[in-house]
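One structure is given below, encoded as structure tokens.
Index from 1, following the sequence. Remember, it's 1-based here, ligands and their atoms both numbered in the order they're listed. Quick caveat: nothing in here was measured; it's all calculated off a predicted structure.
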Amino acid sequence: MSKVAVRLLQLYPREMNIYGDWGNALTLKKRLQWRGYEVELLEHRPGQAFPKDVDLIVGGGGQDSGQEKIRDDLLKIGDELHKLADSGIPMLMICGMYQLFGRFFETVEGDKIEGISIFGAQTVAGPKRLIGNIVTESAQFGEIIGYENHSGLTILDDTQPALAHVVKGAGNNGKDHLEGAIYKNVIGSYLHGSLLPKNPRLADWLIEKAVVNKFGEFDPKPINDDLAIQARKTAISLKR
Ligand code: GLN
């Protein structure tokens, strides 16, 4: 196995990282390590130079105030993120970061926080928070299970594919039964939980993209996912 490390970057770990989102970075790191890959965990904080040679990027949810804190920096690194997205770098953006990978998030006070428009989507805060366990179904990934807590209502452009259809819960806006968005290898989703420990198929898809980009091939050595399978069963049976 290559001794060259896979470089996994977490965006804004202080401001944008709630409801267990840190678990997404840990899951990717552990699953890579279990398959014999070295992993270097990097962080990008506001004001820092954007790291070089990144293979995989995660970003989490946050309060509206967290989004305010990172807005200027995100716009500064937006071109870099676009280039990486277009070159096929896999990314997972949850909730608040998902919103800012769209055109904007408008808060309940009417402050329009500009995003970087990787997704053809826009989000406006609604009158009530959408909170609870959520189950969705995707043709590509099967059942995706998590927990949502947001006021933002996201509307996708007609040309923007969703990640999944909502089976139980609200998803993007509680109306059109769509959840998340996908552009090339970039996934946006409202699902916290953390998402990846309970959805190993999604984790392995991100890992495969990163490893194939870097090394040209990926050996999906099986991992014992009994605990993840049990966690999925429990999560599906939970009340909204
Ligand atoms: N500020 C956003 C909202 O409430 C993000 C919430 C989150 O990231 N959990 O819609």
What orientation do Tyr19 and His192 show, parallel under 30°, tilted 30 to 60°, or perpendicular over 60°?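 Perpendicular.
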Using the six-membered ring wherever Trp is involved, compare the ring planes of Phe215 and Tyr37 and label them parallel, tilted or perpendicular (cut-offs 30° and 60°). parallel
Where [X] and [Y] come nearest, the two heavy atoms and their spacing:
X	Y	answer
Asp55	Ala5	OD2-O, 3.9 Å
Pro200	Ala228	CG-CB, 4.0 Å
Gly152	Gln99	CA-NE2, 3.8 Å

Tabulated below should be the N or O atoms of ligand 1 paired with protein N or O atoms at under 3.5 Å; can you produce that?
residue, atom, partner, partner atom, Å
ligand 1, 1 (N), Asp64, OD1, 2.3
ligand 1, 1 (N), Gln67, OE1, 3.0
ligand 1, 4 (O), Arg129, NH2, 3.2
ligand 1, 4 (O), Ser151, N, 3.0
ligand 1, 4 (O), Ser151, OG, 3.4
ligand 1, 8 (O), Gly62, N, 2.9
ligand 1, 8 (O), Gly62, O, 3.1
ligand 1, 8 (O), Gly96, N, 3.0
ligand 1, 9 (N), Asn149, O, 3.0
ligand 1, 9 (N), His192, NE2, 3.2
ligand 1, 10 (O), Gln99, NE2, 2.9
ligand 1, 10 (O), Ser151, N, 3.1
ligand 1, 10 (O), Gly152, N, 2.7

What I want to check is whether the side chains of Thr154 and Tyr98 have a donor and an acceptor closer together than 3.5 Å.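 Their side chains do not contain a donor-acceptor pair, so the 3.5 Å distance test is not met.
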